[in-house]
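Here is the structure we will look at.
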Amino acid sequence: MWLTKHLIKTLLSSFKDKPTLSKIHALLITSGLINQRNPATKLISSYAQIGDIKVARQVFDKLPQRGIDAWNAMIIAYSRMGFSNDVVGVYKEMINEGIKPDSSSYTVAIKACASLCDFEMGEEIWHQAVGFGYKDDDFVGCSVLNLLSKGGRMVEAKAVFEGMKRKDLVCWTTMVTGFAKIGQGLEAVGVFREMQEQGMVGDGIVMLGLIQACTDIGDMNVCLSVHGHLIRRNLLMDVVIYTSLVDMYAKNGHLCLAYRIFCNMPQKTVVSWSALVSGYAQNGLAGEALELLIEMQRVGYRPDLASLVSALLACSHVGYLKMGRSIHAYILRRQELEHISATAAIDMYSKCGALSSARELFDMIGCKDVILWNTMIASYGIHGHGEAALSVFHDMIKTNSYPDDATFASLLSALGHSGLVEQGQYWFNEMINRFRIEPSEKHYACVVDLLARAGKVEEALDLINSMKKHEAGMSIWAALLSGCHNHRKFSVGELAAKKVLELQPDDSGIYSLVANFFASAKMWKEMAEVRKAMRMAGMKKVPGYSMVEVKGKLHAFLMEDKSHYQYEHMVLIIEKLDSEMRAMGYTPKIEFVFHDIEEEVKVKMLSFHSERLAIAFGLLNTEPGTKLVINKNLRVCGDCHEAIKYISKIVNREIVVRDVKRFHHFKHGVCSCGDYW
DNA sequence: ATAGGGTTAG
């Protein structure tokens, strides 16, 4: 055999195509060199590099004696392919065969555990590494930093980091990114500054962590200065960095800027598109998000799950059930439904009024995680099905899923809206004592709401006064006031009303609550003052609109929307309904009009609120008996709430109105959610 | 010589 060992080595490092590799492989076998450590190891890495991991494994398995080099070649091969399970598998085999891992085996194995989020295993390997004298190894240490930061354990990570003798750029980057990822942007910036003070020069990757930190901090000045820094340092070349910038500006609501950067990017990837789609969706610009999803497909990008999930979010925002369904079906066809997209689809179904579809999907998901459970509980909650929410919660406990703060926020809110007071109080206490979760302001607001609805306003006030770590905010006082209003508890109510006014509401619904309270308490002077204050505050400028999906298309209506092609027909329907309603005993609640105009005009304004236009349009264009689902961007008006009860009876239809807070199911003259508030 | 830090989504 004229091929020397040396020549084989050279060949293996310079030729990366499969036919050549196979030829060399054959030569190694015929020459017997295959059984020597060095060429075999080389062969394994070469096969791994061209992505032929199976052959690499075969070579590895056939080796008569395997040294640490061969093991590492194999473990690194799996790591490069992203096969973390196999990495851990090979590591375990090594241990079983009595091979002593070295620095690189530990490093790669711990990295694999981090990407699998298998923190137990990761820590076990870490301890083994320490036991074998790799305590001060930089690579192992850095892998550990990554493991801890992936688990959000930045306090421990910081301790390890501080103990490291030589901190290189990779370690610093891990710390910066770690803090940024868990929402501690300021800490991340602090670490970056420290790094600069140590004279370390950053690269694009550490800047990526810094961009994420800025995204989290949300201060435009910081964002712009980091952007400037990138330009000055000439680091603005990588697609990934551009994409991150798009995300940063989009998440902070600067969509024009995000879009401009997106358009001017030298190249784009699917991720760049996804980042923009998600930016639009998260900022409530559902139409733009969906258009962008279509546009990206048109120019040849196959949407990834992130963009599809964002599109589902957009659908749930505007109640676009038909589009939501087809996106869900598309994900199913691609066989890519997993937890995140399933959760998004469940949320979409429930927010579009298709609660049973949400449940059906939920039941099909095996091995549910916390967010999935929480989403189902919240779904029942917004529809006013407290018992169902509680039963899902019980299932959750039975399967040993551990509830978190969000679980209880959804559960307590669901119980409150269904008047399950004892259950609410019980689980609030269990949350604190058994699950050791500290109540947040949100939890307090739920329980205050729960108690106040039941008329236990003194108890609610005691709870508010017992709050130590939080200051009671608008939601808490408004909930209390509403209970006082409904149960004619005037003295606590007066206190709550004052607190609400002190906090300067920017929502006309809250002003009307205060005014109504003063009216029922016969405190006329205060009532007049509230009306005056309201005029002075000049209420939110957000125009109210309602949407209805008819035959798979979304139709939006603004108040008194005369431009609509069916306006005359809609007016006729509204007027006809109006006279029938009055005959049944309905009187318009003009306190819900906040303009200084004549009463007759006020009444007219009420009956042309956007929700009623949407209902009229729905009635006109659907078969009798069809359920109508209306979506409103603000809170449904109190008068309309009353009127829709009558309408549901007159036309004998189920009418579902979703407003910012929850769902109102109107059927046979009643609303499932009881009181308006 | 090898290995450790990177973008979007519930």
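Chain letters run A, B, ... following the sequence lines, proteins first and then strands; every chain starts at 1.
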*A:Lys92 and A:Glu97 ion-paired at < 4.0 Å*: no
*Check every strand shown and say whether A:Val108 touches a base, only sugar-phosphate, or nothing at a heavy-atom separation below 4.0 Å.*
sugar-phosphate
*Nearest to the side chain of A:Ile205 - B:dA9, B:dT8, B:dG6?*
B:dG6
*asked:* Among B:dG10, B:dG6, B:dG4, which nucleotide has an atom closest to any side-chain atom of A:Thr107?
replied: B:dG4
*Take atom CZ of A:Arg334 and atom P of B:dA9, then tell me their distance rounded to the nearest Å.*
17 Å
*Whole-Å distance separating the NZ atom of A:Lys167 from the P atom of B:dG4*: 21 Å
*So does A:Glu295 pair up with A:Lys268, basic N to acidic O under 4.0 Å?*
no
*Looking only at side-chain N and O atoms, does A:Lys111 come under 4.0 Å of OP1 or OP2 in B:dG5?*
yes
*Can the ring centroids of A:Phe393 and A:Trp373 be said to lie less than 6.0 angstrom from one another?*
no
*How are the rings of A:His383 and A:His385 set relative to one another: parallel (under 30°), tilted (30 to 60°) or perpendicular (over 60°)?*
perpendicular
_Need one value for A:Ser105: base, sugar-phosphate or nothing, where a base atom within 4.0 Å counts as base even if backbone is also close, heavy atoms only._
nothing
_Face-to-face contact A:Phe139 to B:dG4 six-ring, under 5.5 Å, under 30°_ = no
*Hey, does the side chain of A:Gln282 come within less than 4.0 Å of B:dT8's phosphate (OP1/OP2), counting only N and O?*
no
*Among the candidates B:dG4, B:dT7, B:dA9, find the nucleotide nearest to the side-chain atoms of A:Ser310.*
B:dA9
*Quick one: is B:dA9 close enough that its OP1 or OP2 comes under 4.0 Å of any side-chain N or O from A:Ser278?*
yes
*Looking at the rings of A:Phe435 and A:Phe408, which for Trp means the six-membered one, are their centres under 6.0 Å apart?*
yes
*Between B:dG10, B:dA3, B:dG5, spot the one nearest the side chain of A:Thr173, thanks.*
B:dG5
_Salt bridge or not between A:Arg57 and A:Glu93? Use side-chain N to carboxylate O under 4.0 Å._
yes
*At under 4.0 Å between heavy atoms, what does A:Ile76 touch on the DNA or RNA strands: base, sugar-phosphate, or nothing?*
sugar-phosphate
_With a cut-off of less than 4.0 Å, is there a side-chain N or O of A:Lys181 near OP1 or OP2 of B:dT7?_
yes
*Starting from C1' on B:dA9, measure out to CD on A:Glu336 and report it in whole angstrom.*
13 Å
*Separation of A:Leu313 atom CG from B:dA9 atom C1', in whole Å?*
9 Å
_Quiz question: going by heavy-atom distance under 3.5 Å, is there a donor-acceptor pair between the base of B:dG5 and the side chain of A:Asp168?_
no
*Nearest of B:dG10, B:dT2, B:dG5 to any side-chain atom of A:His339?*
B:dG10
_Does A:Leu169 reach a base, just sugar-phosphate, or nothing at all? Heavy atoms under 4.0 Å._
base
*For A:Ile125 and B:dG4, give me the distance from atom CD1 to atom P, rounded to whole Å.*
14 Å
*Ignoring backbone atoms, test whether A:Asn146 places a side-chain nitrogen or oxygen under 4.0 Å from the OP1 or OP2 oxygen of B:dG5.*
yes
*Got a donor-acceptor pair under 3.5 Å from the side chain of A:Asp238 to the base of B:dG6?*
yes
*In whole angstrom, give the distance that lies between atom CZ of A:Phe192 and atom C1' of B:dG6.*
15 Å
*Quick one: is A:Gln212 getting a side-chain N or O under 4.0 Å of the B:dT7 phosphate, OP1 or OP2?*
yes
*Which of these nucleotides, B:dG10, B:dA9, B:dG6, is closest to any side-chain atom of A:Ala344?*
B:dG10
*Would you check if the distance from the ring center of A:Phe192 to the ring center of A:Trp172 is below 6.0 Å?*
no
*asked:* Please tell me if A:Lys251 has a side-chain N or O lying less than 4.0 Å from either OP1 or OP2 of B:dA9.
replied: yes
_As a test of reading the structure: which of B:dG4, B:dG10, B:dT8 is closest to the side chain of A:Ser274, going by heavy atoms?_
B:dT8
*Length of the line joining A:Asp138:CG and B:dA3:P, which is rounded to integer Å*: 16 Å
*Checking all strands, does A:Asp247 fall into the base, sugar-phosphate, or nothing category for heavy-atom contacts under 4.0 angstrom?*
sugar-phosphate
_Of the listed nucleotides B:dG4, B:dA9, B:dT8, the one nearest the side chain of A:Asp304_ = B:dT8
*Among B:dT8, B:dG5, B:dT2, find the nucleotide with the atom closest to the side chain of A:Ser104.*
B:dT2
_Touch class at under 4.0 angstrom, heavy-atom based, for A:Thr174 against every strand present_ = sugar-phosphate
_Within the 6.0 Å centroid threshold, strictly below: A:Tyr91 and A:Trp71_ = no
_Let's see if you can work this out: which of B:dG4, B:dT2, B:dG6 has an atom nearest to the side-chain heavy atoms of A:Arg80?_
B:dT2
*For A:Asp69 and B:dA1, give me the distance from atom CG to atom P, rounded to whole Å.*
14 Å
